[in-house]
Amino acid sequence: MSEERESLNFLEHIIENDLKTGYEKNQLRFRFPPEPNGYLHIGHASSICLNFGLGLKYNAPVNLRFDDTNPIKEEQEYVDAIKRDVQWLGFEWDTERYASDYFQQLYDWAVVLIKNGKAYVDSQTSEEMADQKGTPTEPGTESPYRSRSVEENLELFEGMKEGKFAEGTHVLRAKIDMAAQNMLMRDPLMYRILHRTHHRTDTDWCIYPMYDWAHGQSDYVEQVTHSLCTLEFLPHRELYDWFLDQIYDPGKIRPKQREFARRNLSHTVVSKRKLLQLVESGVVKGWDDPRMPTISGLRRRGYTPESIRNFADTIGIAKRENLIDVSLLEFHVRDHLNKIAPRVMGVLNPLKLVITNYPKGSEEWLDAENNPEDPSAGFRKVPFSGELYIEQDDFREEANRKFFRLKLGGEVRLKNGYIIKAESCTKDTEGNIIEVQCTYDPKSKSGSGTEESLRKVKGTLHWVSMKHAIEAEIRLYDRLFTDESPDTHKDKDFMDFINPESLKTITGYLEPSLKDAKVGDRVQFQRLGYFCVDPDSNSEKLVFNRTVGLRDTWAKILRKD
RNA sequence: UGGCCCAUGGUGUAAUUGGCAACACAGCUGGUUUUGGUCCAGUCGUUCUAGGUUCGAGUCCUAGUGGGCCAACCA
């Protein structure tokens, strides 16, 4: 047995340390806190895997908490989509929570702050307050309303809550320090007036807490021990702690905010605003377009939850800037699909192949192994006949020794079938090859055990019988952007890097066993890649998405030459 | 022109906390193979710079360089 020490990421080190110096293991608690204002993407997946992964590792509960403090942007539709995505990834939350569950508690605590002289109602415009904020190098100036009496503040705040004031007329601010180095400590807003309908509290409230006032207190209510967020919230930590100081009961768990660097994936964007722009501009067909880095897009593309979890585990977590190559994500989906996807044959760029010595009009059904990686997957039958389709790329009139495929006078095996030899080909008036004529060796049938069947030939081609083939729409996807980091160029917009060839739709010819394929089924088209059945399929027509191509050594050789 | 955070092979992340810099991916070479897939073996390549502390520094200190973040009634 290996005695290798398990390597920990920096957050696990923090937790281990906390376990040594204070917390009991059974006190640990985490949370994943999405705002329900958009769809989850691969970056969220990483955060989900981090938080729920820690929950699994330490056998600690993880809450799913919706950070729903802004009724202008948040909708039930997003709540539903987020829950579906987290579940699909394979995680179970302990309890489903909402920041809006705590609106009353938050209000009560705000009253405490006012009574303690730690918060006040400001009645200036947002422009005036912005002017007084100062800059990172100059201190701000205090609001003329900063010294209102506790009684007046209480009355105004209650009035705000009762809906007596119009939006924008008053806010509640924490009274901290207008000269603080940290801009967030310069009397940050705690509440604003919003006469809006909230997806859960309806019209119960016309004041809504700001993120900083809601998040840490929600962690505290839930007794979350480690509140993990991305690096841009680092300056918020001081405020997070200040707010907790105002309400903290020493007998309870005091949550800690810790920050990690968000994972950036190459050749894509993940900001909700930019994703929305892709949808609204029609570059993609929707949030779940298979080219989108959303979880719903990846799901539709054919990614498995396992592959995404493995990806997240592999890339780890740290505090430095990063750009993870999308090929690593592709590696993980291939790795998983290789183990589970049944093999089938399909031809995407058909070239007619005629076997001149095959008995006219006859056919036979050959045995084909479903998955060499999984013997228990068994075998199926595929029909063979004298007229087949092969890939155009698999035939050349002449070629050098590196070309393992079919060339005139050369031999090749048809997968699960016979060894054939190309004798001649036919061209159209423009010189394009439109048909290949060949002969086959009847004794070379796969699996027959004959001497001829055991002959080694250099290449093996996939094929389908023309007569038995079923047609399907095949959607071939490529990266959405031509640049590895499209939204980091100062002089160019990310939309300038849209890959015009991110989607190619063609007709493919598939073996008939695919007739009963169901939406979501994942298969490997042998020698081509992994494909899955798209929800656009119906009883008339099958639609396949290419999840990812197979590793292609031949393409690499071609590139080098 | 203030403060804070970060810096390890091409990419991402580790390094038993100051003790022989490693793992995955990518690359390259070869082998197996009825998928130019998978699998197997091998190989290339790393601590931003300059000082300092120390028997010993990727790790600690100082300075520099480079990158990121900070002035929404967003989260």
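Here is how names work: the chains are called A, B, and so on, in the same order as the sequence lines, proteins then strands, and each is numbered from 1.
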K.L.:
How long is the line joining CZ of F404(A) and P of U32(B), in whole Å?
P.N.:
12 Å
K.L.:
With a 4.0 Å cut-off on heavy atoms, is T553(A) in touch with a base, just the backbone sugar-phosphate, or nothing at all?
P.N.:
sugar-phosphate
K.L.:
Within the 4.0 Å heavy-atom criterion, would you say L323(A) contacts the bases, only the backbone, or no part of the nucleic acid?
P.N.:
sugar-phosphate
K.L.:
Classify the nucleic acid contact of G447(A) as base, sugar-phosphate or nothing, counting any heavy atom under 4.0 Å across all strands shown.
P.N.:
base
K.L.:
Report the base-pairing partner of C25(B) (Watson-Crick or G-U wobble, both distances below 3.5 angstrom), or none.
P.N.:
G10(B)
K.L.:
Check this for me: does any side-chain nitrogen of one of E511(A) and R380(A) sit under 4.0 Å from a carboxylate oxygen of the other?
P.N.:
yes
K.L.:
Under 4.0 angstrom, heavy atoms only, what part of the nucleic acid is P372(A) near: base, sugar-phosphate, or nothing?
P.N.:
base
K.L.:
Could you check whether the side chain of E369(A) and the base of U34(B) have a donor-acceptor pair of N or O atoms closer than 3.5 Å, going by distance alone?
P.N.:
no
K.L.:
Please classify the glycosidic conformation of U47(B) as syn (within 90° of 0) or anti (everything else).
P.N.:
anti
K.L.:
Using a heavy-atom cut-off of 4.0 Å across all strands, would you classify R405(A) as base, sugar-phosphate, or nothing?
P.N.:
base
K.L.:
Just to be sure I understand the rule, does R551(A) reach a base, reach only the sugar-phosphate, or reach nothing, if contact means heavy atoms closer than 4.0 Å?
P.N.:
sugar-phosphate
K.L.:
OP1 or OP2 of C6(B) less than 4.0 angstrom from a side-chain nitrogen or oxygen of K319(A), does that happen here?
P.N.:
yes
K.L.:
Have a look at M129(A) and say if it touches a base, only the backbone sugar-phosphate, or nothing, with a 4.0 Å heavy-atom cut-off.
P.N.:
base
K.L.:
Over all strands shown, is N416(A) touching base, sugar-phosphate only, or nothing at heavy-atom distances under 4.0 angstrom?
P.N.:
base
K.L.:
Classify Q526(A) by what it touches in the nucleic acid, base, sugar-phosphate, or nothing, heavy-atom distance under 4.0 Å.
P.N.:
base
K.L.:
Both H332(A) and T125(A) contact RNA chain B. Taking the nearest nucleotide for each, which residue is further toward the 5' end?
P.N.:
H332(A)
K.L.:
Determine the Euclidean distance between corresponding P atoms of U16(B) and G58(B); express it in Å to zero decimal places.
P.N.:
12 Å
K.L.:
Using the six-membered ring for Trp and the full ring for Phe, Tyr or His, decide whether Y211(A) stacks on the six-membered base ring of A75(B) (centres under 5.5 Å, planes under 30°).
P.N.:
no
K.L.:
With the side chain of R527(A) defined as its heavy atoms from C-beta on, choose the nearest nucleotide among U38(B), A75(B), U35(B).
P.N.:
U35(B)
K.L.:
Would you say a side-chain N or O of S126(A) is under 4.0 Å from OP1 or OP2 of A72(B)?
P.N.:
no
K.L.:
Please work out if F311(A) contacts a base, only the sugar-phosphate, or nothing of the nucleic acid, heavy-atom cut-off 4.0 Å.
P.N.:
nothing
K.L.:
Can you find a donor-acceptor pair, distance only, under 3.5 Å between T460(A) side chain and U35(B) base?
P.N.:
no
K.L.:
Any base atoms under 4.0 Å from F233(A), or only sugar-phosphate, or nothing? Heavy atoms, all strands.
P.N.:
base
K.L.:
Taking only the P atom of each, what is the distance from U49(B) to U65(B) in whole angstrom?
P.N.:
15 Å
K.L.:
Which listed nucleotide (C4(B), C74(B), U13(B)) is nearest to the side chain of L234(A)?
P.N.:
C4(B)
K.L.:
Roughly, in whole Å, what's the span from CZ in R258(A) to P in C5(B)?
P.N.:
13 Å
K.L.:
Looking only at atom P, what distance separates G37(B) and G27(B), rounded to whole Å?
P.N.:
11 Å
K.L.:
Classify E484(A) by what it touches in the nucleic acid, base, sugar-phosphate, or nothing, heavy-atom distance under 4.0 Å.
P.N.:
nothing
K.L.:
Report the distance from atom CG of N264(A) to atom C1' of G12(B), rounded to the nearest whole Å.
P.N.:
12 Å
K.L.:
Check E222(A) with R31(A), please: is the shortest side-chain N to carboxylate O separation under 4.0 Å?
P.N.:
no
K.L.:
Distance check: side-chain N/O of K560(A) vs OP1/OP2 of C28(B), anything under 4.0 Å?
P.N.:
yes
K.L.:
Can you measure E238(A) atom CD to A71(B) atom P for me and round it to whole angstrom units?
P.N.:
15 Å
K.L.:
Can you check the M183(A) CE to C70(B) P distance for me, whole Å?
P.N.:
11 Å
K.L.:
Roughly, in whole Å, what's the span from NE2 in H236(A) to P in C70(B)?
P.N.:
8 Å
K.L.:
Less than 4.0 angstrom from a charged side-chain N to a carboxylate O is my criterion; do E74(A) and R200(A) meet it?
P.N.:
no
K.L.:
Verify the ring-centre separation between Y389(A) and W463(A): is it less than 6.0 angstrom?
P.N.:
no
K.L.:
Any side-chain N or O of R192(A) less than 4.0 Å from the OP1 or OP2 oxygen of A75(B)?
P.N.:
yes
K.L.:
Judged by modelled atom types alone, do Q257(A) and Y240(A) share a side-chain donor-acceptor pair under 3.5 Å?
P.N.:
no
K.L.:
Measure the distance from CH2 on W213(A) to P on C74(B) and round it to the nearest whole Å.
P.N.:
18 Å
K.L.:
For U34(B), does either OP1 or OP2 sit under 4.0 Å from a side-chain N or O belonging to K456(A)?
P.N.:
yes
K.L.:
With respect to the side chain of Q181(A), which nucleotide from A71(B), G37(B), G3(B) is positioned closest?
P.N.:
G3(B)
K.L.:
Roughly, in whole Å, what's the span from CG in L454(A) to P in U33(B)?
P.N.:
12 Å
K.L.:
Counting any heavy atom closer than 4.0 Å, what does I317(A) reach on the DNA or RNA strands: base, sugar-phosphate only, or nothing?
P.N.:
sugar-phosphate
K.L.:
Any N or O donor-acceptor pair under 3.5 Å from the base of G37(B) to the side chain of E373(A)?
P.N.:
yes
K.L.:
With distance as the sole criterion, do the side chain of R334(A) and the base of U38(B) form a donor-acceptor contact below 3.5 Å?
P.N.:
no
K.L.:
May I ask you to verify if any side-chain N or O of T69(A) is less than 4.0 angstrom from the OP1 or OP2 atom of A75(B)?
P.N.:
yes
K.L.:
Searching all strands shown, indicate the nucleotide that pairs with A63(B) (Watson-Crick or G-U wobble; both distances under 3.5 Å).
P.N.:
U49(B)
K.L.:
Using the C1' atom as the reference point in each nucleotide, state the distance between U59(B) and A26(B) in Å, no decimals.
P.N.:
28 Å
K.L.:
H198(A) pairs by ring-ring contact (aromatic ring centres under 6.0 Å, His included) with which of F103(A), Y98(A), W205(A)?
P.N.:
F103(A)
K.L.:
Please tell me if K556(A) has a side-chain N or O lying less than 4.0 Å from either OP1 or OP2 of G27(B).
P.N.:
yes
K.L.:
When you measure from the side-chain N and O atoms of H44(A) to the phosphate of A75(B), is any distance below 4.0 Å, counting only OP1 and OP2?
P.N.:
no
K.L.:
What is the pairing partner of U35(B), taking Watson-Crick or G-U wobble pairs with both distances under 3.5 Å in any strand?
P.N.:
none
K.L.:
Among Q526(A), K415(A), R527(A), which residue meets the side chain to side chain donor-acceptor pair (under 3.5 Å) test with H462(A)?
P.N.:
R527(A)
K.L.:
Answer with yes or no after comparing the ring centroid distance for F157(A) and Y107(A) against a 6.0 Å cut-off, counting only values under it.
P.N.:
yes
K.L.:
So that I can tick it off, tell me whether D441(A) and K445(A) are bridged by a salt bridge, with the cut-off set at under 4.0 angstrom between side-chain N and carboxylate O.
P.N.:
no
